[in-house]
Amino acid sequence: MSVVQEQIAVPLFFSDSAVAKVKELVEDEGNPDLRLRVFVTGGGCSGFQYGFSFDDDQQDDDTVIERDGATLLVDSMSYQYLIGATIDYQEGLQGSQFVVQNPNAASTCGCGSSFSI
C-alpha cells in the first residue's frame with residue numbers, strides 16, 4: 001500500500017517591518033480598507049519584475065495574508081512566482097522601499113525589483 005502525500009505550498013511571509021510600514025501608511029491615508037498588493041509582471045532586465053500598490057478592492061482569486069492588523073494581497077497569477085518569498089520593508093542608503101526576498105528567483109538584477117526563474 002502506498003501513501004500519497006499532498007504537497008502544500010509554502011505561504012508568503014510578511015515581515016515585521018513590512019507589517020509596521022503598511023499599518024503606518026494605511027493610517028496616514030485614513031482608509032482602513034487599504035491593503036498592500038504585491039504582484040509580478042513580465043519585463044524588467046531579468047524577465048519578471050515585482051510591483052507594489054495599495055488597493056481597497058480584493059478580488060475573488062486573491063491570496064490574503066493578514067498579520068497584526070495589516071493585509072497583503074497577491075493575485076493568483078503572481079502567487080505561483082512568490083511561494084515561499086518574504087515581503088519586507090527596508091530603509092537604507094538607496095532609500096526606503098518594500099522588497100521581495102524570493103527563494104524561487106534563479107537570478108536578480110542590481111535594481112532588486114527584477115528577477116528570473
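Quick note: residue numbers are just sequence positions, from 1. Quick caveat: nothing in here was measured; it's all calculated off a predicted structure.
- Screening T63, V40, T41 against S78 for a side chain to side chain contact (heavy atoms under 4.5 Å, CB included) leaves a single residue, V40.
- Taking NZ from K21 and CG from D16, the interatomic distance works out to 15.0 Å, rounded to the nearest 0.5 Å.
- Between L12 and Y79, some side-chain heavy-atom pair lies under the 4.5 Å cut-off.
- For E24, the CD atom sits in a packed shell: over 12 heavy atoms of surrounding residues, nucleotides or ligands are nearer than 6.0 Å.
- Cluster membership check: Y50 does not share its hydrophobic cluster with L73, using side-chain heavy-atom separations under 4.5 Å among Ile, Leu, Val, Met, Phe, Trp and Tyr.
- Annotation for A70 and K23: closest pair CB-CG, 3.8 Å, computed over non-hydrogen atoms.
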Checklist entry - Could you walk me through whether V22 and F54 pass the side chain to side chain contact (heavy atoms under 4.5 Å, CB included) check? => result CA-CA 9 Å; V22 167; F54 277 90; 4.1 Å; yes
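- The aromatic rings of F48 and Y81 sit tilted relative to each other, their planes meeting at an angle between 30° and 60°.
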Using residues 28-39 as the side-chain source, report each donor-acceptor pair under 3.5 Å to any protein atom, sequence neighbours left out, with the distance given to one decimal.
{"unit_1": "N31", "atom_1": "OD1", "unit_2": "D33", "atom_2": "N", "d": "3.0"}
{"unit_1": "R37", "atom_1": "NE", "unit_2": "D55", "atom_2": "OD2", "d": "2.9"}
{"unit_1": "R37", "atom_1": "NH1", "unit_2": "D62", "atom_2": "OD1", "d": "3.0"}
{"unit_1": "R37", "atom_1": "NH1", "unit_2": "D62", "atom_2": "OD2", "d": "3.4"}
{"unit_1": "R37", "atom_1": "NH2", "unit_2": "D55", "atom_2": "OD2", "d": "3.3"}
{"unit_1": "R37", "atom_1": "NH2", "unit_2": "D57", "atom_2": "O", "d": "3.2"}
{"unit_1": "R37", "atom_1": "NH2", "unit_2": "D62", "atom_2": "OD2", "d": "2.7"}

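- Cluster annotation: I65 and L25 are assigned to the same hydrophobic cluster (Ile/Leu/Val/Met/Phe/Trp/Tyr, side-chain heavy-atom contacts under 4.5 Å, transitive).
- With hydrogens and angles ignored, the 3.5 Å screen pairs a side-chain donor or acceptor of Q80 with a backbone N or O of M77.
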Can you give me every donor-acceptor pair (side chain of residues 82-93, partner residue at least two apart or in another chain, under 3.5 Å) with its distance?
{"unit_1": "D88", "atom_1": "OD1", "unit_2": "S15", "atom_2": "OG", "d": "2.6"}
{"unit_1": "D88", "atom_1": "OD1", "unit_2": "S17", "atom_2": "OG", "d": "2.6"}
{"unit_1": "D88", "atom_1": "OD2", "unit_2": "Q101", "atom_2": "NE2", "d": "3.4"}

